[in-house]
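Single-structure report; data block below.
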Amino acid sequence: MTDTKTYRIKSFGCQMNVYDGERMGELLDEKGMRAAEDGEDADLVVLNTCHIREKAAEKAYSDVGRLKREDGSRPTIALAGCVAQAEGAEAQRRSKMIDVVVGPQAYHRLPDLVAQVEKGERPVDTDMPAISKFDAMPKRRKSGPSAFLTVAEGCDKFCTYCVVPYTRGAEISRPWADIVDEAHALVDGGAKEITLLGQNVSAWRGENEKGQDGGLELLVRALARIDGLERIRYTTSHPADMDEGLIAAHGEVDKLMPYLHLPVQAGSDRILKAMNRHHTVESYLRLVERFREARPDLAISGDFIVGFPGESDAEFEETLQVVRDARYASAFSFKYSPRPGTPAADMDGQVPEEVMNERLQRLQAQLAEQSLAFNRSKIGATMDVLIDRKGRLPGQMIGKSPWLQSVFAETDAQIGDILTVDILDALPNSLAGIIRPKEAAA
Ligand code: SAH
Ligand code: SF4
Ligand code: F3S
């Protein structure tokens, strides 16, 4: 094995970025490379970057700098992901250490690009080719218990703060048969749960094997028929693209988990308009209620931006109000970060950092309180938990509840097992429980 080349892939971004990282690994495996062990120097390092906020993007460059070894040598370095797409050849001017720049729609060519470096070239590939990268990649073989599957990519929404429509390109739906094949391959490889991914996953459309045209609902119902697949999730949805069929599926498809990530971003209609969100606070809350009618125990999660240009104190208070009204079980919240090339970066009324800090703190305190209340509501409940990793204490394992909470329990069960757990305690970000013995579980 001594001359097998090794690689390491570091993914910094969203779930799709993680998915892309896995696929790049599979491509390199197919070329006879292997993943470097922990602590082992890799011959190739792929930095799979995120451009969504300035901090995420800057992290890419500081990580490049850290790859120089004590003896002055360094691995081959490939900059992949959304920073690569946004900066292209400029990235190599910023850092001489970057050998390859490859965008999120071109990474099926990564092995060829790395081969070019061996010939002394510094290739940049940020094409968005008409032939999909998915057709050029090896079939999936193995999977952890919980797998990601990209079904739609790109975004046509153009929220005024967001880089995704530029880094990922126009919205496209992967064809039905490709998705179903990949789902089967993941389940054969060990997956019990699949999360369908798209920057705007609710815009997915396709035609099934009978020539029937439909949206995400049709796909979810078909995937639910795969034996061995126990749980289906999807993310991220846009409130303007949700349809009745998908709402109904939440009440009818047992394998569709009772959790919905549905970002609202802000609680003021004026700000939502400036963000180009295509929905109002009222239409959003009505949508949430309809989902809850279909599935009363649904956990709602969201994303928030504080300090969008022009956001006043009163408008921020409206964000706190929507958090209460939508009764979030969890949420991600961010300070607005101006991104080059987006319309909001040039808007008047950029909000000072101290104001954003204060708003973020208040919002996060409110969200933490609600998460804790939601988690506490599960004390005394019995639920299925999909074990996905080891805990820190000996004999402790961690898994996911149907509502995407982390559940800690002592057990000799293996990763991938689904256990029946009685919940004893709740913290802001997790639950603790005991395994119900098999005989008693019936
Ligand atoms: N496609 C998904 C994910 C987009 S990025 C979606 O539409 O929800 C994830 C989150 O990052 C967004 O929902 C938004 O809350 C946040 N975000 C995007 N651009 C941002 C920016 N410029 N500054 C701060 N947060 C941002
Ligand atoms: Fe970005 Fe808006 Fe598209 Fe989400 S819907 S990826 S926030 S442009
Ligand atoms: Fe980041 Fe690109 Fe995902 S910018 S959030 S890695 S789509």
Side-chain angles (χ1 to χ4, degrees), residues 10-21 24 47-60 79-87 103-105 107 126 148 150-172 195-204 234-242 260-267 271-272 274-279 284 301-309 311 319 323 328 331-347 350-351 353 356 359-360 363-364 367:
K10 282 186 71 175
S11 294
F12 298 89
C14 58
Q15 287 142 317
M16 192 176 291
N17 176 263
V18 172
Y19 172 89
D20 294 339
M24 285 190 268
L47 298 173
N48 188 22
T49 59
C50 175
H51 197 56
I52 201 80
R53 284 168 289 275
E54 192 182 353
K55 247 201 205 134
E58 287 308 313
K59 178 140 184 27
L79 190 78
C82 290
V83 175
Q85 187 66 39
E87 308 216 331
Q105 307 305 358
Y107 65 73
T126 50
F148 293 138
T150 293
V151 303
E153 205 167 332
C155 186
D156 294 345
K157 285 286 183 279
F158 290 93
C159 300
T160 52
Y161 50 81
C162 182
V163 292
V164 171
Y166 313 99
T167 63
R168 290 272 170 179
E171 215 164 78
I172 57 134
T195 303
L196 306 175
L197 300 181
Q199 271 83 34
N200 181 7
V201 73
S202 40
W204 183 88
Y234 61 88
T235 196
T236 297
S237 308
H238 190 289
D241 284 330
M242 308 299 271
L260 177 67
H261 185 63
L262 190 65
V264 67
Q265 311 294 356
I271 295 291
L272 289 176
M275 286 177 162
N276 192 31
R277 284 292 294 178
H278 303 281
H279 61 80
Y284 176 85
S301 125
D303 289 342
F304 292 90
I305 296 176
V306 300
F308 184 82
E311 185 187 66
T319 294
V323 169
Y328 289 98
F332 301 94
S333 45
F334 312 99
K335 284 187 276 185
Y336 168 71
S337 170
R339 307 305 293 130
T342 61
D346 297 324
M347 287 180 186
Q350 301 286 325
V351 175
E353 186 71 20
M356 285 203 276
R359 287 180 190 171
L360 188 68
L363 174 60
Q364 291 186 339
L367 288 166

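Note that ligands are numbered from 1 as they come in the structure, with each ligand's atoms numbered from 1 the same way. We use all heavy atoms of the structure for the numbers below, so side chains are in, but hydrogens, waters and symmetry mates are not.
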Ring geometry between Tyr284 and His279 (parallel below 30°, tilted from 30 to 60°, perpendicular above 60°): tilted
Closest protein heavy atom (residue, atom, distance) for [atom]:
atom                    : answer
atom 2 (C) of ligand 1  : Gln199 O, 3.5 Å
atom 24 (C) of ligand 1 : Lys335 O, 3.3 Å
atom 20 (C) of ligand 1 : Tyr161 CD1, 3.7 Å
atom 5 (S) of ligand 1  : Ile52 CD1, 3.4 Å

Kindly confirm or rule out an N or O of [X] lying under 3.5 angstrom from an N or O of ligand 1.
X      : value
Gln265 : yes
Arg53  : yes
Thr236 : no
Arg339 : no

Minimum heavy-atom separation for [X] to [Y], with atom names?
X      : Y      : value
Pro104 : Asp20  : CB-OD2, 4.4 Å
Thr319 : Glu311 : OG1-OE2, 4.2 Å
Pro343 : Tyr166 : CD-OH, 4.0 Å
Pro263 : Pro239 : O-CG, 3.4 Å
Ala60  : Leu79  : CB-CD1, 4.3 Å
Ser333 : Leu363 : CB-CD2, 3.6 Å

Other residues, nucleotides, ligands: >12 heavy atoms within 6.0 Å of Glu54 CD: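 12 or below, so no.
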Enclosure of Phe158 CZ (heavy-atom neighbours >12, cutoff 6.0 Å): yes
Please tell me whether [X] and [Y] have a donor and an acceptor in their side chains that are separated by less than 3.5 angstrom.
X      : Y      : result
His261 : Ser301 : yes
Asp241 : Asn200 : yes
Gln105 : Glu153 : yes

With a cut-off of 4.0 Å, which atoms of ligand 1 are near a heavy atom of [X]?
X      : answer
Tyr336 : 23 (N), 24 (C)
Pro263 : 8 (O)
Asp303 : 8 (O), 9 (C), 10 (C), 12 (C), 13 (O), 15 (O)

Nearest-0.5 Å distance that lies between atom CG in Leu262 and atom OH in Tyr328: 7.0 Å
Straight-line distance of Leu360 CG to Glu353 CD, nearest 0.5 Å: 10.0 Å
Selected option - heavy-atom contact closest to atom 21 (C) of ligand 1, from Cys14, Cys162, Ser337: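 The option holding the nearest heavy atom is Ser337.
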Val164: which of Cys82, Cys14, Cys155 passes side chain to side chain contact (heavy atoms under 4.5 Å, CB included): Cys155
Tyr161 and Phe334 aromatic centres sub-6.0 Å: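 Ring-ring flag for Tyr161/Phe334: false, centres at least 6.0 Å apart.
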Tell me, please: is [X] in heavy-atom contact with ligand 1, that is, under 4.0 Å?
X      : result
His261 : no
Ile305 : yes
Asn200 : no

Sub-2.8 Å protein N, O or S atoms surrounding atom 3 (Fe) of ligand 2: Cys155 SG
Verdict with supporting geometry, His51 and Arg339, side chain to side chain contact (heavy atoms under 4.5 Å, CB included): CA-CA 8 Å; His51 197 56; Arg339 307 305 293 130; 3.3 Å; yes
Shell of protein N/O/S atoms around atom 3 (Fe) of ligand 3, taken as anything under 2.8 Å: Cys14 SG
Under 4.0 Å to a heavy atom of Tyr161 - the qualifying atoms of ligand 2, by number: 7 (S)
